[in-house]
Protein chains: 2
Amino acid sequence: MSKQATQDMETRIASLLKRSDLSVTESRRKILHLFLEQTGALAHGDIERKAGEKFDRVTVYRTLQTFVEKGIIHTIPTADNSIRYALCKDECSGGHHHDHHIHFVCSQCDNTYCLDDVVTPDIKLPKGYQAEHVEVVVEGVCKNCR
Amino acid sequence: MSKQATQDMETRIASLLKRSDLSVTESRRKILHLFLEQTGALAHGDIERKAGEKFDRVTVYRTLQTFVEKGIIHTIPTADNSIRYALCKDECSGGHHHDHHIHFVCSQCDNTYCLDDVVTPDIKLPKGYQAEHVEVVVEGVCKNCR
DNA sequence: TAGATTTTGCAACTATGTTGCCTTTTCATA
DNA sequence: TATGAAAAGGCAACATAGTTGCAAAATCTA
């Protein structure tokens, strides 16, 4: 990455944090960096492995929690009991960070993608059930693994 | 429950196990019983609490694992990192235990329901992605909590 | 009912997540 | 640009969740 690009990235990260009323700290910058420099979602373990040398496990937990609360990232449920986190699009705001795209988990490479252009379908529920939020996770083979 | 009904339940449980080539043991009977006598799904913790006095934690883990492999129960992904298990309908068979109903999690009572009559919708994916399985979890307020 | 096979319980271990408290860093403002 | 209140981080200790190997017990076959 060029020096210019790195500079841009850092500026972007700082303004993202400030917009959410968060102070700009080293661990937050580092973790946001991880999300920005990759397409898929990250599991807690991934982040700990990539940032863990420098930061305490607890800090990673707390940072992710804060980011979720502020609507910077969102969680993706999976069947294997390992929450994944992914960046929210800019429209997301605190407390309202479920937007309506679906998620795709590749059964080959195990990457998780937000398919931002695929909206969750309307689901017709039986009488008496009232939907508040619909979560769709598709498992299959991704673009790169075919 | 009448003696007759209990008898029926036990017979049903035994044949369910035998059909899956599983020996009929006390812990398997107990755990299946828990599933049969209730509508919603059960988390590992629920089961451990309800059966845990009598059985070892490890046994509960192994039993659930076995049941999933044999297609007796299936897992339900949730956003809060706590896998729920629910009975499969009879058509489910080993290795093929994802059937196509959706799941509903009540935000009030926290119960999870299999809505067996609501099939998962077709999702149109971007070019290159190939779906193998679609998981839909709807969060909202259930029949009983309104 | 005996013996091979399967399942269980126990102990020990790893991984994952949480809490309280004190130190360090950040940031507003003087 | 120095300073002090507030926020965030690190550490230790703890709690929960999940796994493995092995010996004992229960189940099933014939």
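Proteins come first, then strands; the chains are lettered A, B, ... in the order of their sequence lines, and each starts at number 1. In what follows, every heavy atom counts, from backbone to side chain, and hydrogens, waters and symmetry copies are set aside.
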(message) Please determine whether a side-chain nitrogen of the Lys or Arg among B:R84 and B:D110 lies less than 4.0 Å from a carboxylate oxygen of the Asp or Glu.
(response) yes

(request) Tell me which of B:G45 and A:F55 sits closer to the 5' end of DNA chain D, going by the nucleotide each one is nearest to. (result) A:F55

(message) For the backbone of A:A41 and the side chain of A:T112, can you confirm whether one donor and one acceptor N or O come within less than 3.5 Å of each other?
(response) no

(message) Would you compute the distance between atom CD1 of B:I31 and atom CD1 of B:I72 and round it to the nearest 0.5 angstrom?
(response) 11.0 Å

(request) Could you tell me the separation between the CD1 atom of A:I47 and the OG1 atom of A:T63, rounded to the nearest 0.5 Å? (result) 9.5 Å

I'd like a list of close polar pairs between nucleotides 22-30 of chain C and the protein, N/O only, cut-off under 3.5 Å.
from   : atom 1 : to    : atom 2 : distance (Å)
C:dC27 : OP1    : A:V24 : N      : 2.6

(message) What is the distance, to the nearest angstrom, from the NZ atom on A:K70 to the P atom on D:dA8?
(response) 8 Å

(request) Provide, to the nearest angstrom, the distance between the CG atom belonging to B:D46 and the C1' atom belonging to D:dA17. (result) 14 Å

(message) Parallel, tilted or perpendicular: which one describes the rings of A:Y113 and B:Y129, with boundaries at 30° and 60°?
(response) perpendicular

(request) First locate atom CG of B:D56, then atom CD of B:E48, and finally report the distance between them rounded to the nearest 0.5 Å. (result) 8.5 Å

(request) Treating Ile, Leu, Val, Met, Phe, Trp and Tyr as nodes and any side-chain heavy-atom pair under 4.5 angstrom as an edge, say whether B:V60 and B:I83 lie in one connected cluster. (result) yes

(message) If I take atom OH in residue A:Y85 and atom C1' in nucleotide C:dG17, what distance separates them, rounded to the nearest angstrom?
(response) 10 Å

Close N/O contacts between protein and nucleotides 18-20 of chain C (under 3.5 Å):
none

(request) In whole angstrom, give the distance that lies between atom CG of B:D56 and atom P of C:dT8. (result) 10 Å

(request) Calculate, to the nearest 0.5 Å, the distance between atoms OG and NE2 belonging to A:S107 and B:H133 respectively. (result) 11.5 Å

(message) Heavy-atom nearest nucleotide on DNA chain C for A:R49 versus B:R28: which residue maps closer to 5'?
(response) B:R28

(request) Please step through ring pair (Phe, Tyr, Trp, His ring centres under 6.0 Å) for the pair B:Y85 and B:H74, ending with a clear verdict. (result) CA-CA 6 Å; B:Y85 299 89; B:H74 61 278; 9.2 Å; no

(message) Whole angstroms only, please: what is the CZ-P distance between B:F67 and C:dT8?
(response) 9 Å

(message) At 10 degrees resolution, what angle do the end axes of the helix from C:dT1-D:dA30 to C:dA30-D:dT1 form when each is taken over five base pairs?
(response) 40°

(message) Whole angstroms only, please: what is the NZ-P distance between B:K54 and C:dT8?
(response) 13 Å

(message) Within this structure, what is the OG-CD distance for the pair A:S20 and A:E69, rounded to the nearest 0.5 Å?
(response) 11.5 Å

(message) Does A:T66 reach a base, just sugar-phosphate, or nothing at all? Heavy atoms under 4.0 Å.
(response) nothing

(request) Enter the distance from B:M9:CE to B:R29:CZ here, rounded to the nearest 0.5 Å. (result) 12.5 Å

(message) Could you tell me how far apart B:I47 (CD1) and D:dT16 (P) are, to the nearest whole angstrom?
(response) 18 Å

(message) In this structure, how many angstroms lie between the C1' atom of D:dA8 and the CG atom of A:L64, rounded?
(response) 15 Å

